[in-house]
Amino acid sequence: MRLVVASWNIGNNINKIPELMKKALHKNNCQIFVLGLQEVSASKIKNGSVDIACDKIATENKFFPLPIDLKNTKRPYSLSTCKGFTSKFSDFGLYMRIYYKDIDSKIIKVVKSDKKCPTGAKGYLAVTLNIKGKSVDLINAHLPFSEKMVDYKKFISKFNTWLKKNGFVERDRILFGDLNSRSLLTKDCMVKDLQSCRDDFDHNYCQLSRRLNALKYNSTLKRTKLKQRTSCDNQLNNCSIKIDLASDKKQLLSIKKLLVNNDFIGNPPKICNLLGNYNEAPIYFLPSYKRNNKSGKFSLKKGRNGRLPGYADRIVYFTDSKRLGLKQIRYNLIDLVGNDHLPIYSTFELKNVSKAENKAKVGGGLLNKLIRK
C-alpha cells in the first residue's frame, strides 16, 4: 500500500489546489492521499472554498474523503486551525484533508485528531490514522523561525510535549509542512534578515545568492544530489555541502563549486538535531524557498533585506519496522508557481500493509453531495 503526502505554504492560491493535487498524484499510484496546506486564507476555509477545490480532482481520480475532524459535525472531512487562531497571523490557517481509493473504507479511519494555535507560531494539526490495525501520526505544522537557535529548540520541546500530552505518540509518524528550517546558510546559521550584498559582506554568500537568482526556473527543478559533511563542530562551523549534479548547466556547476566552500553549512534541523530522531530521504532538489511568486525563480530578498535560500518545506518521518514499516520512496518539488514557496510531495510505501482487495463500497454520489454543499 502507498501513501502520498503533498504540502504547500500556499498563500492566496486556493484556485491552484486542483493543479497541486493533480501534479502530486501524477504517476503516483497510491491508496491514501494526504494534503497539508499552510497559510491558507481563513475565510476561504470557513466558507468551504478550500473543500470544494480539493474535491474537484479527488472526484476525477475516484478518491473519497475520509472523516478527519471527529469533533466537527458540520465539516468532518477536513481539519483546520482557522477558528480561534491565536497567533499574530490571524488571517491564515492550516488545513489538512485525507482521501482514500481502492481500499475497503472499514480498514482505514481517523481515531484521533486535534489542532493547536500557539502564540509565536502559525499552528499545527495532528491526526492519528489507523490502517488495518496499525496507526500512524500525521502532523501538519508551521513552525516559527527564530534567529536564536536556543529559542527554536525551546519551541520544538514545547511542540513535542504537546504531542505527547495529547497522545500523538505512535511509533510510525510523518511530520510535514513549513518547518522553517534553512539550509545553504552562512556561518550565522539561523539569521533571517540579511544585509544587501556589499563589498564588506560575505563574498561567498553574495555569489551564491546572485547565481541562484540567475537560474532559469526550469533549472531550479533539475534533479540535484546533495551530500552533507557531518563533521561539524558545536557552533556549526567548518561544515560544508558537497553537491553532485545530474545537469551540467553552467550556473549549477558554479553553485556546486561555491557550496564546497566551508562558509556554507548543511541542514540545521539534521545537524543541530532540532527535530529529534526523524528520518528523511536524500534531498535531490534545490531549495523550495525563497521563490518569485510569478516566475518561480529564486528571489532571495524581501523588501530591503536579503533572504537565505532554504529547505523550509519538509516531509520527515520515523517508523517501526515491526508495525507499518514506512519507506520514503519519492521526495521532490512540485512544479507549481504561486507563492514564495514551491510545494513538495513524498510517496511512502507501507511495507507491512498489503493493498486491500475489497474496494470501497462508497458510491460517487456521496462525494458529489459533499461538493454540492
Side-chain angles (χ1 to χ4, degrees), residues 1-8 20-37 54-55 57-70 76-79 96-113 125-140 168-177 277-282 314-332 334 343-364 366-367:
M1 183 179 290
R2 289 187 175 181
L3 179 152
V4 168
V5 175
S7 176
W8 193 14
L20 169 67
M21 293 178 62
K22 185 175 181 179
K23 287 178 179 290
L25 291 170
H26 182 60
K27 295 183 179 180
N28 277 306
N29 181 24
C30 67
Q31 289 71 52
I32 302 172
F33 177 71
V34 181
L35 177 67
L37 304 174
C54 292
D55 287 338
I57 294 300
T59 304
E60 294 178 6
N61 288 272
K62 299 181 180 180
F63 277 93
F64 301 105
L66 189 71
I68 181 174
D69 190 344
L70 306 180
Y77 294 94
S78 59
L79 188 68
M96 191 191 303
R97 202 163 176 89
I98 302 174
Y99 294 94
Y100 66 97
K101 176 182 181 180
D102 292 341
I103 54 177
D104 192 323
S105 58
K106 294 179 180 179
I107 72 165
I108 175 174
K109 62 180 179 178
V110 171
V111 297
K112 192 185 309 173
S113 63
L125 309 174
V127 166
T128 299
L129 184 64
N130 187 279
I131 308 166
K132 294 188 74 173
K134 299 179 176 68
S135 295
V136 57
D137 289 334
L138 302 171
I139 305 158
N140 176 15
F168 297 102
V169 292
E170 294 300 328
R171 288 178 286 175
D172 292 292
R173 178 182 296 179
I174 301 175
L175 169 63
F176 57 92
N277 297 318
Y278 286 91
N279 301 308
E280 186 174 26
R314 307 286 279 279
I315 302 174
V316 299
Y317 71 103
F318 59 75
T319 189
D320 186 335
S321 61
K322 295 181 179 180
R323 295 184 64 78
L324 281 179
L326 295 172
K327 183 179 180 181
Q328 195 173 25
I329 59 175
R330 290 174 186 160
Y331 191 26
N332 208 349
I334 295 176
I344 60 172
Y345 82 96
S346 187
T347 303
F348 289 88
E349 191 173 274
L350 283 56
K351 296 190 294 183
N352 297 335
V353 180
S354 59
K355 179 180 175 182
E357 294 299 328
N358 296 324
K359 295 187 178 181
K361 297 180 181 179
V362 183
L366 171 63
L367 194 54

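Each residue takes its place number in the sequence, starting with 1.
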Next item on the list: Could I get the full list of salt bridge (Lys or Arg N to Asp or Glu O under 4.0 Å) partners for Glu349, not counting sequence neighbours?
Entry: Arg2
Note to self: Checking Ile131 against Ile103 for the side-chain contact (heavy atoms from CB on, under 4.5 Å) test, could you report, in this order, the C-alpha distance in whole Å, the side-chain angles of both residues, the deciding distance, and whether it holds?
What the structure shows: CA-CA 10 Å; Ile131 308 166; Ile103 54 177; 5.9 Å; no
Item checked: Minimum heavy-atom distance between Leu25 and Cys30, given as atom pair plus value -> CD2-SG, 3.8 Å
Checklist line | Minimal non-hydrogen separation, Tyr331 against Arg314, with atom names | finding: OH-CA, 3.5 Å
Item checked: Any side-chain heavy-atom pair of Arg97 and Asp55 under 4.5 Å -> yes
Notebook entry, point to check: Any side-chain heavy atom of Ile57 within less than 4.5 Å of one from Leu20?
Noted result: no
Notebook entry, point to check: How long is the span from the CG atom in Leu79 to the OH atom in Tyr77, to the nearest 0.5 Å?
Noted result: 14.5 Å
Notebook entry, point to check: Do Gln328 side-chain atoms and Asn279 backbone N/O form a donor-acceptor pair below 3.5 Å?
Noted result: no
Notebook entry, point to check: Counting only N and O atoms by type, is there a donor-acceptor contact under 3.5 Å from the side chain of Asp104 to the main-chain atoms of Lys106?
Noted result: yes
Next item on the list: Spell out, as yes or no, whether a donor-acceptor pair under 3.5 Å connects the side chain of Lys134 to the backbone of Val353.
Entry: no
Check: Looking at OH of Tyr345 and CE of Met21, how far apart are the two atoms once the value is rounded to the nearest 0.5 Å?
Finding: 15.5 Å
Note to self: Quick check for you: to the nearest 0.5 Å, what is the distance between Phe348 atom CZ and Ile329 atom CD1?
What the structure shows: 9.5 Å
Next item on the list: Compare all side-chain heavy atoms of Glu170 with those of Val136 and state whether any distance is below 4.5 angstrom.
Entry: no
Next item on the list: Verify, without hydrogens or angle tests, whether Asp137 (side chain) and Ala126 (backbone) share a donor-acceptor contact under 3.5 angstrom.
Entry: no
Item checked: Spacing of CG belonging to Leu66 relative to OG belonging to Ser78, to within rounding of 0.5 Å -> 12.0 Å
Check: Is atom NZ of Lys327 surrounded by more than 12 heavy atoms (other residues, nucleotides or ligands) closer than 6.0 Å?
Finding: no
Next item on the list: Measure up the Phe64 and Tyr100 rings against each other and bin them: parallel (under 30°), tilted (30 to 60°), perpendicular (over 60°).
Entry: tilted
Notebook entry, point to check: Looking only at heavy atoms, which two atoms of Ala6 and Ala24 are closest? And how far apart?
Noted result: CB-CB, 3.9 Å
Notebook entry, point to check: If only atom types and distance count, is the side chain of Asp172 paired as donor or acceptor with the main-chain N or O of Leu324 below 3.5 Å?
Noted result: yes
Item checked: Spatial distance of atom CG (Leu138) from atom CG (Leu129) [nearest 0.5 Å] -> 5.5 Å
Notebook entry, point to check: Under 3.5 Å, is there a donor-acceptor pair between the side chain of Asn352 and the main chain of Arg323?
Noted result: yes
Next item on the list: For the residue pair Phe63 and Tyr99, categorise the inter-ring angle as parallel (less than 30°), tilted (30 to 60°) or perpendicular (more than 60°).
Entry: perpendicular
Next item on the list: Report the distance from atom OH of Tyr317 to atom CG of Leu175, rounding to the nearest 0.5 Å.
Entry: 13.5 Å
Margin query: Looking at every heavy atom in both Met96 and Val34, which two are closest together, and how far apart are they?
Written below: CG-CG1, 4.2 Å
Checklist line | Heavy-atom pair of closest approach, residues Leu326 and Thr319 | finding: N-OG1, 2.8 Å
Check: Does the ring of Phe168 carry Lys112 above it, NZ/CZ under 6.0 angstrom from centre and within 45° of its axis?
Finding: yes
Notebook entry, point to check: If every non-hydrogen atom of Ile68 is compared with every non-hydrogen atom of Val110, which pair is closest and at what distance?
Noted result: O-CG1, 3.7 Å
Margin query: The criterion is side chain to side chain donor-acceptor pair (under 3.5 Å); which residues satisfy it with Asn332, sequence neighbours excluded?
Written below: none
